[in-house]
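A short worksheet on the structure shown next.
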Amino acid sequence: MVDVAIIGVGMTKFGKFNEGIVAMAINASQQAITDSGIHREKIEELYLGNFCGEVLTGQSLLAALTAKGLGLKNIPVTKVEGACASGGMALREAVSAVAFGRAEFALAVGVEKMTSSSTEKVTSALAGALDQDLDGNSGLTFPGFFGLVARRYLEEYKTDMRSISQVVVKSRENALNNPLCYFRKEVNLDTVRESYPVAEPLRLMDCCPISDGAAAAVVCSLETARKISKYPIRILASVQTSGTPRISDLDSLLSFEATVKAAELAYKQAGVTPKDIDVVELHDCFSIAEVVDSEDLGFFGKGEGAQAVKSGATAMGGDIPINPSGGLLSRGHPVGATGLAQIYELVMQLRGDAVNQVANANVALAHNLGGTGATCTVTILSKDV
Amino acid sequence: MPNVEVVMCEECRNLQLAPAVVCRKCGAEQVNNAEIPGRGKLYTYTTIHVPPDNWNKQVPYVVGVLKMMDGLLLTASYTESSYDKLEIGNEFDVWVEDGMFVFQ
């Protein structure tokens, strides 16, 4: 196995657009290839992360359509699906293709097109990540699942939704500067708590918005990257785990085993601890998700995540800035694209080009979570190559 | 009170909901069908206002997770119109109706 580096990233703005799903995937990929400085013909494998494109747009074969649209030759192209972790999984496949010597250069792209469908249809498509026979058939939705998590969190740790929704206020503060974000208006706690009750105790603003968008990255061996790239970013760890899509398999709703295991493996692979991480992009699909994820990743003890947000520890300038991009809550969550949008932000952070630049960012962590903690990727990146 | 059908691992004694052809916790191959009392304590719940497509029941509605015997978590739909008793820790009857678990 050889060490791998990211040499190019690209992404579309996230939001509500007329552009089609394939056009967005091509757009982000083109940007990543241009950013890498290589000729597109050098790409030897393509992995495309997408969750519900076929259900919502009727279009399948997204990887082949994207490759052809990019003018790639007859290379292997593969779509990967792991609900909300599809983008992170696409990156890991591209990394593996290079690490195991199958490809000199590989492209990972993630995409989703959601805003052309009704809210009910999107709600159904997302609920497809629940075990339909046991959990989905009770009318449980995805916001509903995290509503269950939130209510239990409040009970177990004797906190309130105002503490948890502080995540949204912080997210919007960061998004103010980020032109790639969908929602870029400051909000206060009262506005969040008074927004529409989607799945109580979660309100509309506790939920990431239904969005369109794409993001991409080009990878190659670290050795090649050192020779050809202006600003290579080293991949210290690229880990994928699985958990369960069925609630009855869980011991508790306050921690996701897939995250805990992925983090453990990634820290070991990278030879770092949570204290060595300078900046984090984690899977804040809902305000409560950021709180739970920040504990599962080892940044805070169990039950301390909400307090940490309140104290400002995860804001810009805090001990461990989380989601300086604005995260899923403000950037938007075009499901298959999110894992690679996180990578885009962290590569900018490590290059020193981020809109909300974390001072002295050397080591960064991305966490992408699918379903009820059914799939997970954790990627650790380093500026030092 | 009707019982709830479960699958029990002969190795680690873990309870899980069907279908399960091996133990979904420890991986042991020997699992047997069993029954547990259809009664559980409310572990958490959510009130859903935005339903999935083709949801032909009233909105809002409540989905709960109940802690059954030996800590088994079970997702069920709440069938009462009054929310008065809907409190974490309260005990409810659980049974299958129209192919899904309900609690009351």
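Just so it is clear: chains get the letters A, B, ... in the order the sequence lines come, proteins before strands, and each one is counted from 1. All values derive from a computational prediction rather than experimental measurement.
- Neither the backbone nor the side chain of B:P60 comes within contact range of chain A; no heavy atom of the residue lies under 4.5 Å from a heavy atom of that chain.
- At least one side-chain heavy atom of B:L73 sits less than 4.5 Å from a side-chain heavy atom of A:L253.
- When the candidates B:I48, B:L15, B:V102 are compared by the number of heavy-atom contacts under 4.5 Å with chain A, B:I48 comes out ahead.
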Can you list every donor-acceptor pair under 3.5 Å that links chain B to chain A?
unit_1	atom_1	unit_2	atom_2	d
B:L17	O	A:R246	NH1	3.1
B:P19	O	A:R246	NH1	3.1
B:P19	O	A:R246	NH2	3.3
B:R24	NE	A:D249	OD1	2.9
B:R24	NE	A:D249	OD2	3.0
B:R24	NH2	A:D249	OD2	2.6
B:K25	NZ	A:D251	OD1	2.8
B:K25	NZ	A:D251	OD2	3.2
B:Y43	O	A:R152	NH1	2.9
B:Y43	OH	A:L253	N	3.0
B:T44	OG1	A:L148	O	2.7
B:T44	OG1	A:R152	N	3.4
B:Y45	O	A:R151	NE	3.1
B:T46	OG1	A:E200	O	2.7
B:T47	N	A:E200	O	3.3
B:T47	O	A:E200	N	2.8
B:H49	N	A:V198	O	2.9
B:H49	NE2	A:E200	OE2	2.6
B:V50	N	A:V198	O	3.4
B:D53	N	A:E120	O	3.2
B:D53	N	A:S124	OG	2.7
B:Y61	OH	A:G139	O	2.6
B:T75	OG1	A:D135	OD1	2.6
B:G99	O	A:N137	ND2	3.1

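- With chain B as partner, the option from A:G139, A:G144, A:P201 having the largest number of non-hydrogen pairs under 4.5 angstrom is A:G139.
- A heavy-atom distance below 4.5 Å is not found between the side chains of B:V63 and A:F145.
- By the side-chain contact (heavy atoms from CB on, under 4.5 Å) test, B:A28 is found to be paired with B:C9, B:E11, B:C23, B:C26, residues two or more places apart in sequence or in another chain being considered.
- Between chain B and the residues A:A199, A:G136, A:A125, A:A127, the most heavy-atom pairs under 4.5 angstrom are made by A:A199.
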